[in-house]
Amino acid sequence: QVQLVESGGGSVQAGGSLRLSCEASVSTYSYPCLGWFRQAPGKEREGVATIYGSASSTYYADSVKGRFTISQDKVKRTVYLQMDSLKPDDTAMYYCASGRAAVARWACTSLNERGFGYWGQGTQVTVSS
């Protein structure tokens, strides 16, 4: 069982940048799909970005393509989310998650939260206009 701890959230003005980090308690080689989700007040949780496999294939929600970049450092057991050109609509609680091993490929390509079994506690991102 993996535990995930996010950090790096905060408040920033529109157009600014933040980098989120998520450290896993165990080697991520056993968890080929890692991802970031977010939930704004009054809205459902949505997939933001995922990273899959040894080739680190990446997948993004349309709303963040070209602005956010997901990456990972397997030695440090850490996955990152670089967020640039932030908008007020990006304001949300951001969660790191690990995909269920049996459906890892589907979880990562679909950005569907049903494919993710382990979640961090979340880190708040607030973007002001």
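Starting from 1, each residue takes its place in the sequence as its number. Since the structure is predicted, the reported quantities are computational estimates derived from the model, not experimental observations.
For residues 97-129, the disulfide bond (SG atoms under 2.5 Å apart) pairs, not counting sequence neighbours, are Cys33-Cys108. Here salt bridge (charged side-chain N to carboxylate O under 4.0 Å, His left out) pairs that include residues 118-129, with residues two or more places apart or in two chains, number zero. Residue pairs meeting the disulfide bond (SG atoms under 2.5 Å apart) criterion with at least one partner in residues 46-103, sequence neighbours excluded, are Cys22-Cys96. Listed by first then second residue, pairs satisfying salt bridge (charged side-chain N to carboxylate O under 4.0 Å, His left out) with a partner in residues 70-86 read Glu23-Arg77, not counting sequence neighbours. Sorted by first and then second residue, the side chain to side chain donor-acceptor pair (under 3.5 Å) pairs with a member in residues 48-58 read Ser56-Gln72; sequence neighbours excluded. Within the structure, the side chain to side chain donor-acceptor pair (under 3.5 Å) test picks out the following pairs touching residues 94-104 (sequence neighbours left out): Arg38-Tyr94.
With hydrophobic clusters built from ILVMFWY side chains whose heavy atoms lie under 4.5 angstrom apart, Phe116 shares a cluster with Met93. Val127 and Met83 fall within a single hydrophobic cluster, where Ile, Leu, Val, Met, Phe, Trp and Tyr are joined by side-chain heavy atoms under 4.5 Å apart, directly or via other members. Both Val26 and Leu4 belong to a common hydrophobic cluster when Ile, Leu, Val, Met, Phe, Trp and Tyr are linked at side-chain heavy-atom distances under 4.5 angstrom.
Here the closest non-hydrogen pair linking Ala40 and Ala92 is N-CB, 3.8 Å. In terms of heavy-atom proximity, Val2 sits nearest to Tyr31 at N-OH, 3.6 Å. In plain terms, the two heavy atoms of Thr123 and Leu20 that are nearest each other are CG2-CD2, 4.0 Å. Considering every non-hydrogen atom in both Ser85 and Ser17, the closest pair reads N-OG, 4.4 Å. Shortest non-hydrogen contact noted between Gly115 and Ala107 is O-CB, 3.5 Å. Taking both residues in full, the closest heavy atoms of Ile70 and Tyr60 are given as N-OH, 2.9 Å, listed atom of the first, atom of the second, then distance.
The other members of the hydrophobic cluster of Val103, by chain and number, are Trp106 (side-chain heavy atoms under 4.5 Å, ILVMFWY only).
Put simply, the side chain of Phe68 does not reach to within 4.5 Å of the side chain of Gln82, judged on heavy atoms. The shortest side-chain heavy-atom distance between Thr91 and Val125 does not fall under the 4.5 Å cut-off. Side-chain contact check for Val48 versus Leu81: some heavy-atom pair is nearer than 4.5 Å. Looking only at side-chain heavy atoms (C-beta outward), Thr126 and Val12 stay at 4.5 Å or farther from each other.
Expressed to the nearest 0.5 Å, how far CG of Leu18 lies from OG of Ser11 amounts to 8.5 Å. In this structure, Leu86 CG and Gln13 CD are separated by 11.5 Å, a value rounded to the nearest 0.5 Å.
Around CD of Gln124, the count of heavy atoms belonging to other residues, nucleotides or ligands within 6.0 Å exceeds 12.
A search for salt bridge (charged side-chain N to carboxylate O under 4.0 Å, His left out) contacts involving Arg45 returns Glu113, not counting sequence neighbours. Shown here are the ring pair (Phe, Tyr, Trp, His ring centres under 6.0 Å) partners of Trp119, two or more places apart in sequence or in another chain: Phe37. Ser71 is linked by a side-chain contact (heavy atoms from CB on, under 4.5 Å) to Tyr80, counting only residues two or more places apart in sequence or in another chain. Take Gln121 and apply the side-chain hydrogen bond (donor to acceptor under 3.5 Å, both in side chains) test, not counting sequence neighbours, and it matches Glu6. Contacts of Asp62 classified as salt bridge (charged side-chain N to carboxylate O under 4.0 Å, His left out), with partners at least two apart in sequence or in another chain: Lys65.
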